Amino acid sequence: MRFTQALIRTSKEAPADASGTSHVLLTRAGMIRKVGAGIYDYLPLGLRVLRKIEGIVRAEMSAAGALEVLLPALLPAEYFQETGRYTGFGDTLLRLKDRKGAEYHLGPTHEEIITDLVRREVKSYRELPLNLYQVQTKFRDEARPRAGLLRCREFLMKDAYSFDVDEAGAKASYEKMRVAYNRIFTRLGLDYRMVSADSGAMGGSTSAEFQVLTQSGEDAIAVSDGSDYAANLEVAAAADPRASPPAREAPLARERVHTPGHGTIEDIARFLKTEPSRFLKSLVYLAVRAEASADPERHGGVETVMVVVRGDHEVNEIKLARALGAAEVFLANPQAVEDATGARVGFAGPVGFKGKIIVDRDAAVVARGVTGANETDHHLVNVEHGRDYDGEVADVRNVVDGDASPDGAGRLKIYRGIEAGHIFILGTHYSAKMGATYLGEDGLAHPIVMGCYGIGVSRLVATAVEQHHDEDGISWPMPIAPYHVHLVTLGMDEAILAAGRTLEAELVAKGVEVLWDDRDERPGVKFKDADLLGVPLRVTLGGKGLASGVVELKRRSDRSKAFDALPIATAADEIARRVREALG
RNA sequence: CGGGGCGUAGCGCAGCCUGGUAGCGCACCUGGUUCGGGACCAGGGAGUCGGAGGUUCAAAUCCUCUCGCCCCGACCA
């Protein structure tokens with residue numbers, strides 16, 4: 001492809017409303033343009049990247065035995081009404097009416113639609129298992145679209161659904177997808193981790209996220225440096241401190257100290273000349289009991305709980321809710337804290353607290369602890385769990401960088417990640433509600449056991465940029481690059497242009513995708529654009545090189561100025577070889 | 001949905017406070033000189049000042065309403 005015919009419009013500056021590295025670079029490179037909040041055009045170069053990603057996803061899904069279908073994006077309301085999600089999805093569902101006033105919505109995901117298809121097409125256990133997938137535009141009226149392609153209202157997603165006769169079959173289908181997903185993300189050239197995650201309210205205990213490691217992801221994930229343990233921070237387990245207990249300091253007598261005006265931990269630590277890790281941070285939570293969650297006011301299923309974590313740790317609300325068997329937990333407001341403790345916020349503590357107490361495992365082993373006295377302007381020092389206060393001990397904190405890995409091997413490092421894929425077993429949640437059954441060998445109808453598997457295809461375009469860029473621009477992994485080779489000819493000298501034409505033709509004949517910058521621009525402009533666009537191999541053909549019979553080959557990811565001088569006669573062979581090598 | 005900010009040429013911005021009929025840089029077009037890391041000179045085209053209403057002799061500027069966009073938070077099968 002000739003640059004002059006490719007509709008590539010680069011710019012030095014990005015629009016002021018572009019936020020995030022990938023949004024800025026993709027816009028500056030002329031690959032995407034914003035049409036509205038969370039709505040984008042893909043220009044030719046950007047579309048090529050999107051298509052490359054789709055191609056890899058399709059190839060691996062197909063290799064794993066999944067069949068491609070295409071379900072509608074425009075959906076009559078009745079299907080989501082069957083499972084209660086027409087209202088349950090809330091404002092995220094983009095609803096509309098047709099001329100007759102009938103209700104429709106745009107599909108945010110397609111469990112109901114695929115389940116409907118399968119309940120009509122599949123009758124017998126002989127027709128299972130089945131795995132159907134599609135690559136379709138999804139619509140979600142996000143409360144807050146942001147960061148360009150990373151969180152859109154309209155986005156491209158690959159979603160697959162497996163259908164099996166029983167749990168064991170569903171597990172086998174899930175395993176196939178797990179393997180396929182690992183192959184996909186590896187082929188895309190991304191540094192990613194498969195992590196265990198909160199499966200959410202949707203049910204299904206078996207689930208895994210595929211997180212692409214970036215500097216600015218929305219999610220925090222904990223990864224062990226000594227094993228393959230990796231988990232979303234939401235669910236990452238803290239190592240049990242009793243596995244390697246610290247040298248125990250002899251307990252001292254508990255004392256009450258006057259700490260006027262000091263409410264924060266840093267403050268009191270300085271005042272008492274001690275460390276935040278000595279503190280028993282005591283937070284008052286309201287836990288909504290699971291069975292009462294639909295309407296807590298009416299059922300009154302709310303319990304006040306004091307949560308104790310070490311002063312340098314944070315409460316993990318998902319783990320806390322799980323430990324309490326609660327549907328949701330909320331931090332109590334200041335008035336509720338005062339009511340519960342009898343002291344102003346900042347002076348709460350477990351000693352003498354009348355209600356339920358949950359103690360984080362690391363807080364329970366703190367010796368000579370410091371905590372609030374449940375009396376304004378007073379703290380207690382030399383507090384010991386088991387002697388001065390009690391409470392159920394559980395893992396309710398966020399892990400922090402440097403923690404021991406819960407599997408005992410290595411230490412945890414915290415990364416930022418972008419969720420690019422999620423796989424999980426749904427069970428019979430949808431099939432039971434929608435009557436998707438098969439006739440078994442026993443002649444009876446059974447609900448089909450389902451799994452679902454998503455990949456954010458358009459999000460991956462931005463994710464790849466977040467992971468592969470430098471101050472000059474994008475640096476695409478070869479498998480998803482818009483072109484394999486960026487040919488730069490310097491000057492408009494006919495001898496150089498002729499050599500360019502020849503080299504382009506030779507490369508194309510070998511199956512190499514070439515973008516030839518044939519513009520009448522100065523070298524600096526061409527090099528800057530090449531760096532911005534991020535095609536992985538740059539081939540330069542200039543007067544000096546031509547005179548000595550060589551072309552220059554340089555990898556975009558190589559930050560040095562060094563290049564390989566290739567003899568013109570054999571350059572195409574060598575370049576094609578490097579492309580094949582990089583494609584893996 | 002709560003808080004904050006911004007809408008002026010394709011893009012980045014100034015002008016607004018203190019009303020007098022719109023300007024700079026980049027990009028674009030023409031000519032010339034340049035030519036291995038975003039050149040220079042000269043000339044040129046391009047703007048319903050987000051929209052509606054109001055105040056005024058006069059509104060980008062002041063007032064009211066409204067729409068859009070961005071950021072932080074809440075939310076995120």
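Quick note on labels: first sequence line is chain A, next is B, and so on, each numbered from 1. What you see is a predicted model, and the numbers here were worked out from it, not measured in a lab.
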- Message: Between B:C13 and B:U30, how far apart are the two P atoms, rounded to whole Å?
- Response: 29 Å

- Item | Pairing partner of B:G7 (Watson-Crick or G-U wobble, both distances under 3.5 Å) | B:C67

- Separation of the C1' atoms in B:C62 and B:C16, to the nearest angstrom: 10 Å

- Query: When rounded to the nearest Å, what value does the distance between C1' atoms of B:G4 and B:G47 take?
  - Reply: 29 Å

- Task: Please determine, for the side chain of A:Ala16, which listed nucleotide (B:C71, B:G12, B:A77) has the closest atom?
- Result: B:G12

- Item | Between A:Tyr192 and A:Asn182: side-chain donor-acceptor atoms closer than 3.5 Å | yes

- Message: Rounding to an integer number of Å, can you tell me how far A:Phe155 CZ sits from B:C76 C1'?
- Response: 10 Å

- C1' atom, B:C24 versus B:U34: distance in rounded Å? 26 Å

- Message: Check this for me: does the side-chain of A:Arg151 come within 3.5 Å of the base of B:C76 through a donor and an acceptor?
- Response: yes

- Remember a base hit wins even if backbone is also touched, and classify A:Glu552 as base, sugar-phosphate or nothing at under 4.0 Å, heavy atoms. base

- Message: Going by purine N1 to pyrimidine N3 plus the second Watson-Crick contact, or the G-U wobble pair, all under 3.5 Å, which nucleotide sits opposite B:G38?
- Response: none

- Message: I'd like to know whether the aromatic ring centres of A:His422 and A:Phe210 sit less than 6.0 Å apart in this structure.
- Response: no

- Query: Which atom names give the shortest non-hydrogen contact between A:Lys319 and A:Ala236, and what distance separates them?
  - Reply: NZ-O, 2.6 Å

- Tell me, do A:Phe563 and A:Asp558 make a side-chain contact under 4.5 Å, heavy atoms counted? no

- Message: Applying a 4.0 Å non-hydrogen cut-off, can you work out what A:Gly491 is touching in the nucleic acid: base, sugar-phosphate, or nothing?
- Response: nothing

- Message: By the definition side-chain contact (heavy atoms from CB on, under 4.5 Å), identify the one residue from A:Leu533, A:Val465, A:Asp472 that meets it with A:Leu25.
- Response: A:Val465

- Item | Distance-only side-chain donor-acceptor flag, A:Asn316 / A:Glu234, under 3.5 Å | no

- Item | P gap between B:A60 and B:G44, integer Å | 26 Å

- Message: Taking pairing as Watson-Crick or G-U wobble with both contacts under 3.5 Å, can you name the mate of B:G73, or confirm there isn't one?
- Response: B:C1

- Same-atom distance (P) from B:G53 to B:C69, integer angstrom: 23 Å

- Message: At less than 3.5 Å, do the side-chain atoms of A:Arg9 and the base atoms of B:A27 form a donor-acceptor pair?
- Response: no

- Nearest-nucleotide comparison on RNA chain B, the residue closer to the 5′ end among A:Phe89 and A:Ala18: A:Ala18

- Message: So if I define the base as every atom that isn't primed, P, OP1 or OP2, how would nucleotides 37-42 of chain B read as a B/S/- string at a heavy-atom cutoff under 4.0 Å?
- Response: BBB---

- Which part of the nucleic acid, if any, lies within contact of A:Met157, taking any heavy atom under 4.0 Å across all strands shown: a base, the sugar-phosphate backbone alone, or nothing? base

- A:Glu234 CD to B:A77 P, straight-line distance once rounded to whole Å: 9 Å

- Provide the Watson-Crick or G-U wobble partner of B:C13, both distances under 3.5 Å; none if there is no partner. B:G23

- Which atom names give the shortest non-hydrogen contact between A:Thr10 and A:Ala29, and what distance separates them? CG2-O, 4.2 Å

- Message: Can you tell me the base-pairing partner of B:G45? Count Watson-Crick or G-U wobble geometry only, both distances below 3.5 Å, and say none if there is no partner.
- Response: none

- Rounded to whole angstroms, how far apart are CG on A:Asp41 and P on B:G10? 16 Å

- Here the distance between atom C1' of B:C76 and atom NE2 of A:His422, to the nearest Å, is 13 Å

- Task: Report the nucleotide, chosen from B:G36, B:C11, B:C75, that has the shortest atom-to-atom distance to any side-chain atom of A:Lys544.
- Result: B:G36

- Message: For the aromatic rings, using the six-membered ring if either is Trp, is the centroid distance between A:His110 and A:Tyr79 under 6.0 Å?
- Response: no

- Determine which nucleotide pairs with B:C62, using a 3.5 Å limit on both distances of a Watson-Crick or G-U wobble pair. B:G54

- Please report the closest heavy-atom contact between A:Phe155 and A:Ser458, naming both atoms and the distance. CB-OG, 3.3 Å

- Message: I want to verify a distance call: between B:G36, B:A77, B:C69, whose nearest atom is closest to the A:Lys34 side chain?
- Response: B:C69

- Could you check whether A:Ala143 gets within reach of a base, just the sugar-phosphate, or nothing at all, counting any heavy atom under 4.0 Å? base

- Could you work out which one of B:A77, B:A74, B:C70 sits closest to the side chain of A:Ala37? B:C70

- Distance between C1' atoms of B:C49 and B:G7 (Å, rounded): 10 Å

- Query: For atom C1', what is the distance between B:G12 and B:G54, given to the nearest Å?
  - Reply: 33 Å

